[in-house]
Amino acid sequence: MEFQTLINDVKGKAQTYAGQAQSAAQTSVDTVKKANDVVVKHFKTLAETETTAAKDLYAEAVKSFDKARKDGVKTVAAAPVGYLPKDRAVTAFDDTVKIVVKTRDELSKVFNAGFEGVQIDLGIKKAPVKKAVKRTTKRATTASKTTAKKANTTAKKATTAAKKATA
């Protein structure tokens, strides 16, 4: 008999652990999907930003080249930095850094939430208890007042009818 009880306990625990593992796997898959969405969204933004920056840099480079050709070799040799499109290059770099940092922050949030979800699924960590929020809307308050008035009116009518019946 003890051997059978032991087998049943092991089966029960194995089913529990299998369910937890399945929940954890599903949470992991959902987390990876969310992370993929974040990366794709920000990659598209980065590609658009870099394409615009490349077009702008090319246009500025052509203007600088034309200006350098017009000014001559001696003038360009005296101040070559003046012919570089450095402002747009710095702006493009700053835009890229902002997008990458934003992507990193969002991915960090997604992975932290996913890791916490896996811990909850595996029973390592307890799920946070959500506090019940009391919400009353004007419509609900008005409806309850109307119901209360109808109940009072019905009670008064019943009391009046009872008095008439006894009199």
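These numbers come from the heavy atoms of this one structure, side chains and all, not from hydrogens, waters or symmetry mates.
Taking CG from Asp87 and CD from Glu60, the interatomic distance works out to 7.5 Å, rounded to the nearest 0.5 Å. The distance from the CZ atom of Phe43 to the CD atom of Glu50 is 10.0 Å, given to the nearest 0.5 Å. Rounding to the nearest 0.5 angstrom, the gap separating the CG atom in Leu107 from the CG atom in Asp37 is 10.5 Å. In this structure, the separation between CG on Asn36 and NZ on Lys33 is 10.0 Å, given to the nearest 0.5 Å. Taken to the nearest 0.5 Å, the CD atom of Glu2 stands 11.0 Å off from the CG atom of Asp9. Put simply, OG1 on Thr91 and CG on Asp56 are 9.5 Å apart, with the number rounded to the nearest 0.5 Å.
Considering only residues two or more places apart in sequence or on other chains, Ser23 meets the side-chain contact (heavy atoms from CB on, under 4.5 Å) condition with Asp121.
Salt-bridge formation is not detected for the pair Asp66/Lys63: no Lys NZ or Arg NE/NH1/NH2 atom is positioned less than 4.0 Å from an Asp or Glu carboxylate oxygen.
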For residues 111-120, run the donor-acceptor check on the side chains, cut-off 3.5 Å, and write out each pair with its distance to 0.1 Å, sequence neighbours left out.
from   : atom 1 : to     : atom 2 : distance (Å)
Asn112 : ND2    : Ser108 : O      : 3.2

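Leu57 shares a hydrophobic cluster with no other residue; no ILVMFWY side chain has heavy atoms under 4.5 Å from its own.
Closest approach of His42 and Ile99 over heavy atoms only: O-CG2, 3.8 Å.
Taking 4.5 Å as the limit, every side-chain heavy atom of Glu106 sits out of range of all side-chain heavy atoms of Val110.
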